Each structure stands twice: as structure tokens, then as C-alpha cells.
Amino acid sequence: MRFTKFFIPTLREVPSEAEAVSHKLLLKAGYIRQLASGLYILLPLSWRVLNRINKILIEEMEKINAQEITMPILHPAEIWQITGRWYEIKEEMFRLKDRGGRDMCLGMTHEEIMTWLAAREIRSYRELPQIWYQIQTKLRDEARPKSGILRTREFIMKDSYSFDIDEDGLDISYNLHAKAYQKIFTRCGLNFYKVESDPGMMGGACAHEYMAPSSAGEDDIVICDKCGYIANVEIAKSVPQSMENDEWNTIEELFTPDKKSIKEVSEFLGVDTSLFIKSLLVVSLEGFILILLRGDQELHEKKLAKIIGQFRIAQSDEVLSHLNIEAGFIGPVGYKGTIIADASLKDGTFITGANKLNYHVRGIKPHLHFEADWHDIHIVKSGDSCAICKNKLIIEKAIEIGNIFKLGTKYSVPLNAVFLDNKGLEKPMIMGSYGIGPARIAAAAVEQNNDENGIIWHKSIAPFDIQILPLNMSDKKTIEISESLYTNLSEIYNSLTDRNMEVLLDDRNVRPGVKFKDADLIGIPLQIIIGERSLKNNYIEVKRRRTKEIFKISTTRTEAEIVKIYYETQ
RNA sequence: CGGGGCGUAGCGCAGCUUGGUUAGCGCACCUGCCUUGGGCGCAGGGGGUCGGAGGUUCGAAUCCUCUCGCCCCGACCA
């Protein structure tokens, strides 16, 4: 491709709204433009990147016998009403009516539609398993689109769905996807982790996410570099560091006038917050529950919701009317109802509210002075110990680039996706669903691979393989060599992409500096620099974008050498 | 949805506090010359009515009211 025939609108200055590195670089290097909040135009360069990623996706999906299909984006409400998600999902779903007044929605995911198809078409266990997938647009009215193409309202997704006769079958489909995903992200050159995750609203029992570490990420992942435990903070378990403390062997009331928060009391008494019990009254559907956390810990609301269902923190007047004490001075001793306590409180001696205005009480020992149901309900903090091996945990930010879910029968039962097994019994299909965001792969790749000059693409997903930079377009020899290299290289097969070498020839009549700057910005892995200075000595230069290494290649026998350097480029 | 910030030429910005020539600068763009190893130089030129609406005023980019849009933090995220 010739630069003058290809639309690459690079910028000198980045629009001020861009914050994330990938957002800035993709704008500056002429890959994307914003249409509105959360809506992006993918210009020719990024469309080429996306297509390369999609090709990898297709290849790896075909290897696990997944079949590509495509489904409508516009859905009738009815199917979503049957599974209940029409009502569960709120503003995030784009809804509209057709001319007949029928409720419709734009697809944010395709479990319903895929299951609808399976329900109609599959009768027998002989037709199972099936894995169907598509690479197609999804629409979600995100509360807050952000960071360029990392979180948008309209995006392309590779989503696949497996249908099996039983749990064992699902395990196989799930593991096939896990393997395929591993290969996909590896082939894309990403640094990533597979982490345990919360199945959330997708339902189902088991889920993993693929996370590309990056400061632009929206998720926090917890890593133990000793035993390999790794999980999303949403479900991660940990053992908070504990303070040794044997001094308080008797119970003593402490006068703490107007000191209500743990922080205030801790400062007032000069005692570390980890030696306090934080008491929180919450209101669940079954009534009041007292929640206990160590003073230095925060409540993980999702963990608690899994135990007690929907709840909210009690208002201060509710605390007063239920316990007859002001909110800042409540404690577990003598509490009559249900108590749920974080496991970090199991051992030790603590200070807590005395259930008496302006007093706290010291020397409280769990089991001795109160009992509780023990659970892990705190948010993992960096420095906590691994729940498995006690090693110190690390927390890292990451971009979610893919996920896999075991759905079970959550969709097949309501949509009546059933089959007859080999005994003639009707059974619901056991399902899984699996997603990858190709644009997020691209953005994560940019986040992980860039320098002060611009993007550095991995060979497998770069928009072009090689870029030729003729430095002086009015020099005959330069043109001659450039054109011949351009033609010859374009005819060489590239086994990495299963196409011929894709070469970008910068045939613009601009100064060398402009070409150098743009080439580095755009980030094609290999640059061929053709300048009069080197031609005089019968060589050209081949430069690796990532390492800035320069190879001097004789003007005879050049193509073979260049291809060799290409394959050896990281 | 809560909190904060910002809308002046394609991009980056100044002007606004204290209303008053024809709204300004850099980059980009167009023409010509020149130049060709890291966004080169010189000369000439085109482009905005100040996000929108209403109001105050002799007079509004500037003051007031409403409104739309974008970004960031948080909540949310199937």
C-alpha cells in the first residue's frame, strides 16, 4: 500500500480529552476518531489491526470445532422477557419500538438468541455438542464510556456459546475455550493472566477472566507470586496482616466522648485501627444483621450480598431505633440477632463499641464475648497474605480482554432448549458462553507496547508488516530501489499471517523527519530506510521499531535478508 | 446517578476577572520559491461569530438564566 493512497491522518498534538495512553496514541497515529461519547470510528489502520486479530480468533475457534454464524443485532423483547433479563437489566439496554409498537432491544450479548436457536433446532443428544460463535457488534448504554476504545457503547465482540448434554460435556467445551483463548492472546503478543472471576449477572457457577495488566485497566487483580493464586478482587480471598496483642486480658470500658468513627477513636486512644472491631448494621430482606469487620478493613459488598442477598447499610435513625444506641458506639457484645463477621476477627483481642453512648470497650475476644457466622467479607488490600500459602499478595490493574462462563441451564430452562438423551429422557442443554473484545486486545496491546515515539505493534497484529521510507522522493536511485523492494517484498509469502508481506511505502514528498516521526508513531515492526547517504555506499538500512536496532543490508540480495530480519523480530 | 473540569478555526491554546477597534497566537492547510537523515526555511493566502437558546445593555466571546455536548473521579458494568 502506498501512503499517498491510504488515509493515515496523524496528528501533531493530541486532543485534550484523551487521557489513557492507548487513546492518545491511537488518535495521534491516525487509527481512530471519536463520533460521540463511547462511539469510535475505526480508520483504515485500526481496521487492518482488527481484521488481523479477528483472523487469529477465527483460526483458533475453528480448531476447537466452533462454527461461525451471525445473528441480528436487533432483538424482539419477548425472548429477553422470557429469561427475565428484559426486566433485570436497566438503562444499560438500548430499547426501542418498531413501527407496530412492538418492544425491541439492541443486543448487548446473545445468550437469549443463541439459546432460542438451539431450542428450535436441536432435538437429540446426537446433535450435541455444538459450539456457535460470531464476531459482531454489541451495544450497551454504558454509564460511563471511557479511555478511548477500552470502554465504548458500541463494540465488536467475538462471542461463542456451547451446548452440551451434561456437566462433563460443559467441562470439555469450557476447557477447549480456555485453551483456545490462551493461544489467541499469546499469538496476539499480549502479557495476560487467567483469573478466577465473579459470574455475576451472567449466572452460572464458574467463570474466569483474561486480564492484560495495564495502568489503564478498570479491574484490580490479586496475585500471589509464590503459589500462583490469582483472582479478580471481586472474589479474591486473603488473610489480612494481624497485630500481635496480648496485653488486654481484662475488659475495660473507655470513655470516648463524641468519637464515633474508627479513625477518630483510634487517634483519640493512640491504638492501631487493626485492633478495632468495626460494627455495621445492615438491613437485608430478612431484617437487621450486624456485620463485623476489623477496623482497618473495608466491607466487600458483593461478597456479603452472596451470603445474605440484597442489603443496604442501615440509616443512623434506624440504628438508634433498633439498638437504642447511636451508630458510633454499637458493638457485638450482647447483640441478640444474627452476626456475620469477617474471618480476620477470629483470633485476637479488640476494642469495639460498648453499646453505651460515648463509650468503647477494650479486651473483647471473639468466641468468648460474642459468636458470629464467619465469612470472608473484606476487600483484599495489597500486603494481605495469600489465603492458600500466606505469601504477601500483590494487586495489579488490568484490562479485561476476555471471559469464559459456565452457564449451566440458566438460559436453556426458561427458553426450553431441551433434547432427548440416549434413554429418551428430555433434558435441558448445559451451556457455556465465552467472549473476547478484539478492540480491547488492540488497545491493551498499545497500552503494553509503546515508547516515547509511539506504538510498537507485535508482528501478528500490526496493520502492515514492513514500512519503506524513501527519504528523498526527488532522488532517482532512492525511488528505484524503494519501488523494487516494495514490489518484490509484496510478493513474498508471510507464514506468520498466512498472506503475502504487507508493505507500506511512504511515497509522500515530505521531509525525512516527518517520515521518521510518523513511522515510529504508527508502529509497524520493521522499517526500511532508503537514503542517499547509505545508497552511496551501496546499502540500505533495516530498523526494528521495538529495539531501534539498525541492520545495514547490501543493495544486492536485499529481500531475503530483510525477510530473515522480519522473522527474527520480536 | 453523585462530585469535579472544559466547550473560542482541523488540533493545541490566549482573550472572559474589570463588556467597547475588524476575535488573536502556534501548528496543520493552500500557492510559490527553497530544502531533503529526525515534524526545514522564506514569502503570500484561505478558514472561526466564540457549543446552542433566551435575557441584561447603546454595545456581549466577556455579565445573568436555561440548555446541549465532551472529559476525569466515584457508583454501576450481563
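Predicted model, so just to flag it, every value in this text is computed and none were measured. Naming convention: chains lettered A, B, ... in sequence-line order (proteins, then strands); numbering from 1 in each chain.
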Report the nucleotide, chosen from [options], that has the shortest atom-to-atom distance to any side-chain atom of [X].
{"X": "A:Lys146", "options": "B:C70, B:C73, B:C27", "value": "B:C73"}
{"X": "A:Glu13", "options": "B:G12, B:A28, B:U36", "value": "B:G12"}
{"X": "A:Val514", "options": "B:G39, B:C11, B:A75", "value": "B:G39"}
{"X": "A:Lys517", "options": "B:C70, B:G39, B:C72", "value": "B:G39"}
{"X": "A:Gln34", "options": "B:U36, B:G12, B:C70", "value": "B:C70"}
{"X": "A:Arg12", "options": "B:G37, B:C72, B:C27", "value": "B:C27"}
{"X": "A:Ser37", "options": "B:G26, B:G39, B:C71", "value": "B:C71"}
{"X": "A:Ser16", "options": "B:C13, B:A75, B:G39", "value": "B:C13"}
{"X": "A:Ser474", "options": "B:U36, B:C72, B:C13", "value": "B:U36"}

Separation of atom CG in A:Asp520 from atom P in B:G37, rounded to whole Å: 17 Å
Interatomic distance, A:Glu301 CD vs B:C76 P [rounded to whole Å]: 7 Å
Pairing of A:Lys397 and A:Asp220 as salt bridge, 4.0 angstrom limit: yes
Exercise: do A:Asn472 and A:Thr478 side chains pair donor with acceptor under 3.5 Å: no
